[in-house]
Protein chains: 2
Amino acid sequence: MAAGKINGSRVVKEGARERIISSAKKLFAEQGYQKTTVVDISKQAGLSEAALYEYFQGKEDLLLTIPHLWVSELIEGMEEQLFGIKGAFNKLRKYLWWYLRQIEKAPLDAKIVYLFLKTNSNFLTTEVYANVRALYSYLINIFEEGKASGEMRADLNPYLARDIFVGTMDHLIIRWLIKDMSYSLFENLEEIFDLMTDGFRQGLRSEGSCRHTETEGVLKPA
Amino acid sequence: MAAGKINGSRVVKEGARERIISSAKKLFAEQGYQKTTVVDISKQAGLSEAALYEYFQGKEDLLLTIPHLWVSELIEGMEEQLFGIKGAFNKLRKYLWWYLRQIEKAPLDAKIVYLFLKTNSNFLTTEVYANVRALYSYLINIFEEGKASGEMRADLNPYLARDIFVGTMDHLIIRWLIKDMSYSLFENLEEIFDLMTDGFRQGLRSEGSCRHTETEGVLKPA
DNA sequence: AAGTTCTCCTAATGATATTAGGGAATATAG
DNA sequence: CTATATTCCCTAATATCATTAGGAGAACTT
C-alpha cells in the first residue's frame with residue numbers, strides 16, 4: 001500500500017544493497033578496512049548486522065565486491081574514450097588524462113582498490129584484478145601501434161614501456177590517495193608525461209638541436 | 001645452572017624478542033597481517049600470548065617494528081654503496097641494482113613494507129616511512145648532480161624524474177612480491193633502466209643516427 | 001636470606017565477525 | 001479470500017581473537 005509496491009520488494013532490496021555498499025565504501029575509505037566494523041556499516045545503512053549477511057557473505061566479500069562495478073565501468077569507458085584518436089602518443093596522453101580523471105571522480109573506489117584490495121591475499125583471484133589487468137594491457141596495443149606507425153622506436157619493448165607507464169601512474173595515484181587528495185592529480189602532469197614518454201620516441205628529442213625527420217606524418221593532418 | 005647464565009637472562013630475553021620478530025615476519029609474509037593471529041605468532045616463538053605483550057605493545061606495534069631495523073640498515077648501506085661512484089647515470093644504475101638486491105635478500109621484510117605497512121593508516125607517522133622517504137630522496141641529489149655535470153638535460157625536474165624512477169621500481173617490486181617471487185627481479189632490468197632513463201639524458205639518444213657531442217666528458221676518463 | 005626484578009604463565013575480559021532462529025510483511029496458489 | 005511460500009529483517013546467541021590481570025618461579029642484588 002505504500003509507494004513502489006508492485007515490484008516493491010525488489011526496490012527495497014536493491015535499495016538496501018546499495019545503501020550497504022555506499023556506507024561500506026565511505027567507511028572503508030575514511031577509516032580503513034580493519035578499523036571499520038560490521039556494526040558501523042550496518043548502522044550507517046540503517047540495518048542490523050544480520051541483515052547485511054543477507055546481501056554479502058561477510059566483511060571481506062564486501063571489500064572485494066565494492067570496486068567491481070566501478071572497474072567494470074572503467075573498462076567500458078576506456079574503449080569509448082580512446083576510439084577514434086589517431087596516433088599512439090595522442091592515445092597514450094588521452095589514456096593517462098582519462099584514467100586520472102576517473103580516479104579523481106571516484107576517490108573512494110580508488111582508495112579501496114589501491115590501498116586495501118591490492119594487499120588482500122585473495123586479490124589475485126578477484127574479477128577486479130582481471131579487469132585492472134585488462135585496463136593496463138590495453139597499453140600494449142598502443143605501444144605496438146606506435147612502433148608500427150614509426151612514432152615510437154622500433155626496438156621498444158611494449159611490456160617494459162607499459163611497466164614504466166603504469167608504475168609511474170600508480171605511484172602518482174597512491175601518493176595522492178595517501179596524502180588525502182589534498183592537491184590536484186594533474187599538477188605537472190604534462191611535464192611528467194613528456195619526460196616519461198620521451199624515451200619511447202623514434203628519432204631525436206623535440207628540444208634537441210638536431211630535430212628528427214618527422215617519420216610519423218600520420219600525426220600532422222594540416 | 002643451564003648454559004649462558006652470566007648474562008643469561010639477557011640472552012634469553014633477546015632471544016625471545018628475536019624469536020617473536022622472526023616468527024611474526026614469517027607468518028605475516030605467508031598469510032598476511034589479518035589472517036595471522038597473536039596465538040600463531042606466540043606459539044611459533046615458543047611463548048604464550050601474554051609473554052608477547054612484554055616485548056611489544058600489540059599486533060600492530062609488531063607490524064610497525066619489524067621492518068624498522070631492516071630499513072635503517074638500508075639507509076646506512078646505501079651511502080656506503082654509492083660512495084665513490086662517478087657519474088649520475090652510474091650512480092643511478094648502482095642504486096637500482098643495489099636496492100633490488102636488498103629486496104631480493106630480504107623478501108619477507110619487503111613484503112611487509114610494500115604490501116601491509118603502506119596501507120596502514122599509521123604508516124605516515126612511522127619512522128619506517130621517514131626512512132623510506134630518505135632512501136628515495138637521495139635520488140634527488142643524483143639528478144641534481146647529473147644536471148650540474150651536463151650528463152642530464154638542463155631542464156630536468158629532479159622531482160618528476162624521481163617519481164618516474166621510484167614508481168617504476170616499486171611497480172617491479174610489488175609485482176614480484178605478489179607473484180610470490182617466482183622469477184628473478186633482474187630480468188630485463190638493463191633494458192628497462194635504459195628505456196626509463198633515456199628521457200633524462202642530455203643530448204641525443206645513443207642509438208640515434210645523429211650522435212651527441214659528448215658534453216659530459218667527466219664520464220670518459222680514457 | 002630477603003627483597004627486587006625479570007620472564008613467563010593461566011585465566012579472565014572485551015571487542016567484533018558470524019550464525020541461529022524467528023517474525024512480520026508481501027507475493028502466490030488454491 | 002485463505003493458506004502457503006518467500007522476502008527481508010530483527011534480537012539474541014556463538015566464536016574468534018586481541019588484550020589485560022594477576023601471580024608464580026627463577027635469577028640477580030645486597
Side-chain angles (χ1 to χ4, degrees), chain A residues 1-25 27-28 30-66 112 116-117 120-122, chain B residues 1-25 27-28 30-66 112 116-117 120-122:
Chain A
M1 292 167 181
K5 258 314 180 32
I6 298 183
N7 55 358
S9 66
R10 259 326 136 72
V11 165
V12 173
K13 180 182 176 183
E14 292 307 315
R17 194 185 156 86
E18 294 311 313
R19 285 204 311 278
I20 293 171
I21 289 188
S22 95
S23 302
K25 192 184 289 189
L27 291 169
F28 284 159
E30 265 172 14
Q31 333 177 325
Y33 175 72
Q34 291 178 60
K35 284 177 185 159
T36 303
T37 72
V38 177
V39 186
D40 287 345
I41 300 171
S42 353
K43 272 224 181 91
Q44 177 114 27
L47 288 171
S48 72
E49 300 127 273
L52 185 148
Y53 287 85
E54 294 287 329
Y55 298 94
F56 300 95
Q57 288 183 272
K59 196 182 167 187
E60 189 174 354
D61 178 42
L62 202 39
L63 178 71
L64 300 179
T65 303
I66 287 179
I112 289 168
F116 307 121
L117 196 54
N120 188 288
S121 50
N122 294 116
Chain B
M1 291 165 183
K5 259 314 180 29
I6 299 183
N7 53 358
S9 65
R10 257 330 135 73
V11 164
V12 172
K13 180 182 175 183
E14 290 309 314
R17 193 184 157 88
E18 294 312 312
R19 285 204 311 279
I20 292 170
I21 288 188
S22 95
S23 302
K25 194 185 287 191
L27 290 169
F28 284 160
E30 266 173 14
Q31 332 177 325
Y33 174 71
Q34 292 177 57
K35 283 175 185 161
T36 303
T37 72
V38 176
V39 186
D40 286 345
I41 300 171
S42 353
K43 271 225 182 89
Q44 177 113 29
L47 288 171
S48 72
E49 301 127 272
L52 186 147
Y53 286 86
E54 294 287 328
Y55 298 94
F56 300 94
Q57 289 182 270
K59 195 182 168 188
E60 190 173 354
D61 178 41
L62 202 38
L63 178 71
L64 301 180
T65 303
I66 287 179
I112 289 168
F116 307 121
L117 196 54
N120 189 288
S121 50
N122 295 117

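So that the names make sense, note that chain A is the first sequence line, chain B the second, and so on, each numbered from 1.
Residue B:D40 contributes atom CG, which lies 13 Å from atom P of D:dT16 at whole-angstrom precision. As rounded to whole Å, 13 Å separates atom P of C:dT7 from atom CD of B:E18. The NZ atom of B:K43 sits 11 Å away from the P atom of D:dC17 (whole-angstrom rounding). The CG atom of B:L47 sits 17 Å away from the P atom of C:dC6 (whole-angstrom rounding). Rounded to a whole Å, the CD1 atom of A:I20 is 11 Å from the C1' atom of D:dC9. In this structure, B:R17 places its CZ atom 15 Å from C1' of C:dC6, rounding to the nearest Å.
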Could you run down the sub-3.5 Å N/O contacts of the protein with nucleotides 16-20 of chain C?
from	atom 1	to	atom 2	distance (Å)
C:dA17	OP1	A:K59	NZ	3.4
C:dA17	OP2	A:V38	N	2.6
C:dT18	OP2	A:Y53	OH	2.8
C:dT18	OP2	A:K59	N	3.1
C:dT18	O5'	A:Y53	OH	3.3

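A donor N or O paired with an acceptor N or O is not found under 3.5 Å between the base of D:dC8 and the side-chain atoms of A:E54.
A cation-pi geometry, defined here as NZ or CZ lying under 6.0 Å from the six-membered ring centre and within 45° of its normal, holds between B:K59 and B:Y33.
Qualifying side chain to side chain donor-acceptor pair (under 3.5 Å) partners for A:K35, counting only residues two or more places apart in sequence or in other chains: B:S121. Residues satisfying the ring pair (Phe, Tyr, Trp, His ring centres under 6.0 Å) test with A:F56, not counting sequence neighbours, are none. Every salt bridge (charged side-chain N to carboxylate O under 4.0 Å, His left out) that A:K25 has, sequence neighbours left out, goes to A:D109. The side-chain contact (heavy atoms from CB on, under 4.5 Å) search around B:A51 returns B:L47, B:S48, not counting sequence neighbours. For A:Q44, there are no side chain to side chain donor-acceptor pair (under 3.5 Å) partners two or more places apart in sequence or in a different chain.
Taking side-chain N and O atoms only, B:Y55 has a distance below 4.0 Å to OP1 or OP2 of C:dC8.
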